[in-house]
Structure formats: structure tokens, C-alpha cells
2 protein chains.
Amino acid sequence: MSEAWERLLPRINELEDISSALRLLNWDQQVMMPPKAAAARARSVATLGAIAHQRLCDPEVGALLDELSEADSLDEIQTASVRVLKRDYERATKIPEKLVRELAETSAIAYQTWTEARPADDFGMLEPHLTKLVALKKEEADSIGWSQERYDALLDEYEPEMTTKEVEQVFSELVAGLVPLADRVLPAVDERPDFVHATYETGPQNDFSQWLVEVLGFAKESGRLDTSPHPFTIPISVGDVRQTTRLDERDLLFSITGTMHETGHALYEQGIPEEMLGLPAGRVPSLGLHESQSRLWENQVGRSRAFTDFMLPHLKERFSDQLGLVTPEEFHRAMNHPERSLIRVIADELTYNLHIAFRFELETAIFRDELDVADLPGAWDEAMEKTVGIRPTDTKDGVLQDVHWSIGALGYFPTYTLGNLYAAALWAKATEQLPGLEEDLRRGDGSRLLTWLREKIHSRGYLESAKETAERVLGEPLTAQPLLKYLETKYSEIYDVAS
Amino acid sequence: MSEAWERLLPRINELEDISSALRLLNWDQQVMMPPKAAAARARSVATLGAIAHQRLCDPEVGALLDELSEADSLDEIQTASVRVLKRDYERATKIPEKLVRELAETSAIAYQTWTEARPADDFGMLEPHLTKLVALKKEEADSIGWSQERYDALLDEYEPEMTTKEVEQVFSELVAGLVPLADRVLPAVDERPDFVHATYETGPQNDFSQWLVEVLGFAKESGRLDTSPHPFTIPISVGDVRQTTRLDERDLLFSITGTMHETGHALYEQGIPEEMLGLPAGRVPSLGLHESQSRLWENQVGRSRAFTDFMLPHLKERFSDQLGLVTPEEFHRAMNHPERSLIRVIADELTYNLHIAFRFELETAIFRDELDVADLPGAWDEAMEKTVGIRPTDTKDGVLQDVHWSIGALGYFPTYTLGNLYAAALWAKATEQLPGLEEDLRRGDGSRLLTWLREKIHSRGYLESAKETAERVLGEPLTAQPLLKYLETKYSEIYDVAS
């Protein structure tokens, strides 16, 4: 084995050990930490982050990576690890320290301001901070470098090797199909049934979620399911993948779909092969591909008639008063109730991607210098009305609804829809290659599907980009057609609307 | 303010931030971590530990400490911080790195061997590792340096500024009083009542503990109570003190006394003034003083007739079937049931310190080269029979019962009894200075006591040694008399035995 690799490996391990501690600090902060620890925790995170950054940016790391990029003695995992770490190294060393600090400070202030501006319905409070943040993100993009357009550099952080042009193309194909479909389906949708508004104790909700994740194949000897206000999944280390769900006694369905969603993320992380874990090659290659796994388990599996039929009796055991008389059809409809809503995070499969599409449009306009932050509220309302078909009456549930921009996560939104596009395409391929899959799910058995996903996606880690992995599995580049076809079929069946 | 202090402070903060992360990794490992993460966690802990050690041992830290030790411009907290950090620095730099590594490796192996040797009842398995560990601990003591005897250097790690001679003197005074007291009380003790052996669901036990810690003044906005197999308390950071209790449906009393014990530790940590927190001056000065707080709340408060009378109705609310007919007197007796038992961790107030006294005797004999590790099992049985009045029939519940020696925690045991001695002495002083304290406790109100402890002990942090703090509060050096008098009174009353 390469001597340079032998020298790089302890540095990779050290970085991984520090990052693992950072991920635990993060998990704990969201799940366990008492409120008065916030300031001390922020300092601890900043200190470990600075140490990790120092170690990553050590010129010796750069020299070893240069040497190893030319080496031909490395195996597949080592080669990928060198490529991925080189990407980290270059991003970390290209962005000037002063800019890193300014970005951190500005987004901390902007986030804090957002938490006050949103309830106050006052975009003006946030505007100067967001303007500054956008200017800094432009600087950041220019430091990293880009070829076609500036937004590429931002997108690349979350969806490596995907270009703005590519996203634009597949999104416009998607919107062109979704808008008429929504126009056709939504008038046929009835009221939500009463049982959706009943009260469900959180204890049995939690029991159900704890049971469900194991049914789906989540390994608790190497993971945990807890609760937090914002559900998330985080891989702490080898043998330790943690997910959370949110329990709300006024919203049973959210805990079910939220748990299925996070379990999709968690199954991906638990499916990374042991020999890659802790190495850069053992990371998930993009947020979009990560989201494809969460969406596939949440939507294609979790909201399918086969799986809602499987779940209902198990829910009735725990909530006989509230669900005793609910029919399988009613439950399935409730799990698939579409409507034009103002809020992205509660949007259904039919309208969700419209929310993303117009955000992406606004983000690219900003980074093409075609839109000023000051003009965002009006542009938001226009774009939302045009795309989603509903117009906000305030900024609280309009332009201020998402946290992303205030924390500088620009270029992030499109990965949600890329996830939905990948999920539908993978699902189409899986049902083609796994006959009888629907019958499996009717028995609550996702094991053949999981094995397929592990072989096709999870086992590849970051040996290639998300785009490459997906194209290899799909046999063609990503298009909007599988998602459009899936939604067309699903909603035509449920609401009996001819196409 | 001193310019050298301004240069030292960021280093102190960085060390604290790394240590805080290490404490969280430790807490999580015992309370939350899934089993398959053990190897990765060990590596993460080792990496952060090495980084902290490097940063502490930086010669620049030594130079700043030397300069500041001479400075007269520092305030009380800064002066204490310099003194405490200098102690850390000297211990860390005096012990050669090779020895540190050998100690870590040998104790890891010895601990692993102990987990197998104990159930196998086979001291021979552990002996070679323990022999090696003792040799290394002797080397360690010699590296650190000592004046009167080698054991001083070990003791000093846990009970700074206390000497072996001092411990020996107060322990022999204690044993001389305890042995005849036990001989007089124990024959009068009846069987444990039936309710002790009932089954108590862990859910309501947990509810009771969560309620109890708040009654005692534990602030949950800056702390947590969880469960773990071995209860412990750990201060994670400013605003974050975590304690655990153990829940066992066969042992209600353990969860009560365990919770009171850990709450004592946690109240101490929560009582360190904010301006010292995160600085070396904000540490608890010794394990003995720490233990005095846990023992005081567990024993002097928790097992008092006033407080058991207060708790009983609250327990009956949760366990009416099991406790409905239990009288306050029966409950108090059950909470104070003494017997000659083989196992230290379940020993009562009357016999506990006898267990410690003979362990201390054996440890000092080893470090005075008067006893070989190979002869420990026989020496153990002899010493135990002489001091506790009961002889083990195997090594599992004899010399192999405690984890301490296998992890190299030699010099640790005496701090348990020092804690009991301090607790009784402080309690005597508190009852003298706080008339009506018993009536407070009968109402479940420990607030005046807590305020007194905060003023006298907690607020002092590590501004002085434990011995100095205690002597200031007690007005005299520590003796065995307060503890002997307390036990004499308590057991004479309960079991009606004349003195």
C-alpha cells in the first residue's frame, strides 16, 4: 500500500474522531441538552470546529492529497477517499478565514433575527442581515470558483457535480407536468376526515414509532430513535446512527410519516459498508440522494395503500377509541390528502415540489443579480401564486417561513426536489426488478426493497457522485417523468380523476 | 489585569471546551450510546484526550503559569485557577508519555479481564495484570514525587493535600468506635419487612425520582436526570449538570437513595458560582468533599425520620398496592436496615466505612511493599473478617467485587469514607446553625440547608483545598467524632439499644 496513504490515514482518523464528537454535540444539543447550556455548547462546538479546520487545512494534508491523486496503487475506497477529502481540503483552503468568520457571525445574527422577525411578521428586520449574508455567499462562491454561473458553487456544496442548468431543466419539466395535474386533482379532494383531528397520546405514538423503525429494518444495536422538535438523522460514528421523530398529540400522521422519512435516511447511513465507514468514501454523496431514501420510505412505501393497510391494525391496537371505525381506504386517503397550502413543511406529495421550484427560481435570480433581497417579499408572493396557486397574506407564512436563508443555506432547497425525483425513479426501477414488492409491503416486509437499495445505492458510499450512482442504477439520466407518472397514477386512483 | 492572564485565558477556555466534549462523550457512552458504537467511541475519546493533553503540556502554558504564580495582580479566582492548573500541568508533564500509555493499556486489559475474572471467581486471571498495574502506579507515584510515603502521591490525585498519615489517623479513630457500635446494634436488628421485596414498576419509580430531584432543588433547566446501570453525576458545562439513577423493579429503595445521593453531587456542581465556572477555580476540590454532599443528602437528609415521613405518602400515591399498609416507622426502619454484608456498594451507614477502612489498609500495605498482589485474596478475607466481621466464601464477592483496582483507581477508596466523615461533621454544624431544620425536612423543604451548603461549601469552588474549606466551616480539623455520634444516636433510637 502507498506510503503516502499510510501517512494520510491517521490524519483522516483524527479528523473523523473530532467530527464524530462534533456530531454528538450537535445531536445532544437538539435532543438532550438543558436550555441553559446553550452558550457553553456553542463555544465547545466552535472550538472543536476550529481544531478540525486547522487539522484539515494543514499543508501536509494538501501535499499528501496531491501525491495520492497521482498514485495508481490505491484501491477503490482509498481513491474515492482521496478525491472526497481533496474536495474538502480545497473548499476549506480556498475560502479565506476572514470570510469564514464573517459568514459564521452574520448567519448567527441573521438566524437570531429570523426567530424574532417571523413571529413579528416583519421582513424588514431580517432584510439588512440577509442582504449582507447574500453578499458574503457571493464572495464565497467566487472564492471557491465556478464555470457556468455563480449559483453552481453554492449548489455544489449540497449536490456535488450537479449544475444549475441541469436542475433548471428537470425542474421546469416537473412544474410543466405538476401544475395541470394539481389543477385536475385538487377540485376532487374532500375534507380531511374527523379522526385526523383527534387527540393521540404521545406515549403510544412513541411506542408505535419505536416498533415501526424496527419493522423497517433499522438496527437499534447500532442506532437510536429519540424525539426532537425538528426530526433529523445524524450518523455519529461507526455503529451509531441516530434518528429522531416529532410527537404531537394533535398530529398522529406527522409522527408516522416523519418516522418513515427519518428511517429512510437512517437505513441509508446504516447501509454504508463497514470497510468505508469513517473514511471520506463512506459518506453519502449528496443531500439529494440522501433525501431520495427518506422520501422513498416516507412516500412510495409509507403512503402506499399496501403499507397503510399494514399499519392501520397496529395503530388501532394503540388507539382503538380514535381509529376503531376508520376503514383502510379512509386511512389511506388521510395519508394522501393534497391541498394548496402556504407552508412547505406540511405540503403533500402533489404540491411539495411546487414550493421548492419557486424557491429555486428566487435563489437563482438573486445569484444572477436579477433580484434584490429587498424585493424578495413581493417576488415571493408573485412566484408562489404563479407556481403553487396560493398567495400568502403575510410574510410570517410567506417569505419568512423557512429557516434556510437566515442560516446561509442557499443552494440547499433544490436537493429536496432532487430527492423526490430520484426516489420516484428508483422506485419505478425497484418495482420493475422486484416483482411482488407490493405484496411484501402489505405484510410490512420491506426487506427485499432494502436489500435492493443497499446493493444499488447504500453499498456504493461516495465511490462516485450521486448523479453517477443514480444513472448507473436507472440506466439513464434523471428526468421528471417517473415522479410525474407516479403522482398521476396515485392521485388518479385515489380521487378517481381521469387523465 | 495581567497580560499573562489574558494570554492564558484562551488556552484555559480551549481546554475546558475540549474537556466538556469529552465529558459529554463519557456521559453519552454510559446513558445513550448503542452497543455497537463502543470501539468508535473509544477512539474518539482517545483522540480528544490526546489533543487536550498536548494543549495542556504546551511549554508556553508552563511558562505562563510560572509567570502568573509570581504575579500579585490577580484576583482570588484567577489566583486559584493558576494554582489548580499548575497542579494539572505538573502532573501531566511529570509523568512520562510512555508510562501514560502503558497505564492506559494495562488498565484497559485489566478492566476487561476483571469483567471475566469476577463471574469466573478466578483471581488468578486478574493477578498478572494487577501486579503490572501496581508496578506502574508505583512508577507513576515516583514520577509525580512524594515526601512522606508513596501512597501520598496516589491519594493526592483524588484528595489533594490530604496525607496517608492523616487518613490513617482518622480512620483508626473511626474503626475503634464503629466496631463496638456494630457489635451492639446488629444483634437487635430484625428481618427486612416484606414490602422491600415487592415489585415496583420502573415507570412510576422514574416519575418519583424526577419529582424528588426537583423537590431537593435540582434545576432541570440546567441539568438532566436519566437512568444508567451505574448511577453517576457529571458536570458537562456551564448550565449543564447531569445525574443518573438506577431503576430496578426489585429494588425501590435503591432508586430513592441512589437519586438522593446523586442529587447531592449535582447540587454541589450546580452551586459553583457562575464567575468560576469553566475555570480551574470552579472545580470541586476533592472527591471526599464531593462525596460529603452526596452522602449528606442521601443519609443525613434522605434516611432521616423527618424526610422518610415526608416521602412515604408520595410513594404511596404511586405504589398503593405495595406500600398502602406500611407505617412511617416501618418505612424509616427499612431505609436504615444495617447488616454485616459482603458487598460494599449495598452496605448501610453503620458498616459501610468498615468496608473502606480495610481496603485502605490493604492499599497502603501494597504501596509500602508490605503486601504482594498475589497475596491479596487471603489478606482481603482476613482483613474483612477482622474489620467487618464477615468472611467471603469466594473471590467474586470478595477481593474481586470492586472495579477500582482493575482500572488503576488506587488511592480512591478512602475518599468514600472521608466523604462520610465530612458529611456528618457538616451536618452537625448545620443543625447547630439552622434551628428547626428537622421541621423543614418534614415538609420536604431542604432549601435552608441548601443555601447554607452553597454559602459554606459550594460557593468556594476550588479557591482552597477541601481540607481548608472544611476546617473553615467546622472551626476545627476533621475527626471521626461527629460521624460516630450521629450513628450512635441514629441506631440507638431506631433499635432501642442503650449506649
Side-chain angles (χ1 to χ4, degrees), chain A residues 10-29 31-52 54-55 203 218-226 235-244 266 270 274 277-278 282, chain B residues 10-29 31-52 54-55 203 218-226 235-244 266 270 274 277-278 282:
Chain A
R11 289 170 178 267
I12 290 178
N13 289 341
E14 192 187 34
L15 274 170
E16 166 62 16
D17 292 340
I18 302 168
S19 306
S20 175
L22 273 164
R23 290 189 296 266
L24 184 73
L25 290 166
N26 180 333
W27 172 85
D28 182 82
Q29 184 169 353
V31 182
M32 296 289 162
M33 190 185 82
K36 289 209 172 168
R41 179 59 53 88
R43 215 184 71 184
S44 217
V45 165
T47 294
L48 289 200
I51 292 172
Q54 265 165 22
R55 305 272 160 141
F218 179 69
K220 287 207 186 149
E221 65 275 18
S222 50
R224 296 181 55 88
L225 167 65
D226 296 276
I236 305 291
S237 71
V238 176
D240 195 355
V241 173
R242 305 192 184 185
Q243 55 166 317
T244 70
Q270 287 194 333
E274 211 169 305
L277 278 174
Chain B
R11 290 169 177 269
I12 290 178
N13 288 342
E14 191 187 35
L15 273 169
E16 167 62 14
D17 292 340
I18 303 170
S19 306
S20 174
L22 273 164
R23 291 189 296 268
L24 183 72
L25 289 167
N26 179 332
W27 173 83
D28 181 83
Q29 184 168 354
V31 183
M32 295 290 161
M33 191 186 81
K36 288 210 172 165
R41 179 60 52 89
R43 216 184 71 182
S44 218
V45 166
T47 294
L48 288 199
I51 293 172
Q54 267 165 20
R55 305 273 161 139
F218 178 68
K220 286 206 186 152
E221 65 276 18
S222 51
R224 297 180 53 89
L225 167 64
D226 296 276
I236 305 290
S237 72
V238 175
D240 193 356
V241 174
R242 304 191 186 187
Q243 56 166 316
T244 71
Q270 287 194 333
E274 212 169 304
L277 277 175

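Every chain is numbered from 1, with letters handed out A, B, ... down the list of sequences.
With a 6.0 Å radius and a threshold of 12 heavy atoms from other residues, nucleotides or ligands, B:E221 has its CD atom above the threshold.
In this structure, no portion of A:L22 lies under 4.5 Å from any heavy atom of chain B. Heavy atoms of A:L24 lying under 4.5 Å from chain B belong to its backbone as well as its side chain. Residue A:L277 does not touch chain B at all, counting heavy-atom pairs closer than 4.5 Å.
Counting heavy-atom pairs under 4.5 Å between each of B:A40, B:A39, B:A37 and chain A puts B:A37 at the top.
Considering only residues two or more places apart in sequence or on other chains, A:E16 meets the side chain to side chain donor-acceptor pair (under 3.5 Å) condition with A:R23. With sequence neighbours excluded, the residues forming a salt bridge (Lys or Arg N to Asp or Glu O under 4.0 Å) with A:D17 are B:R43, listed by chain and number.
Here A:R242 pairs with B:D28 in a salt bridge; the nearest charged N to carboxylate O distance falls below 4.0 Å.
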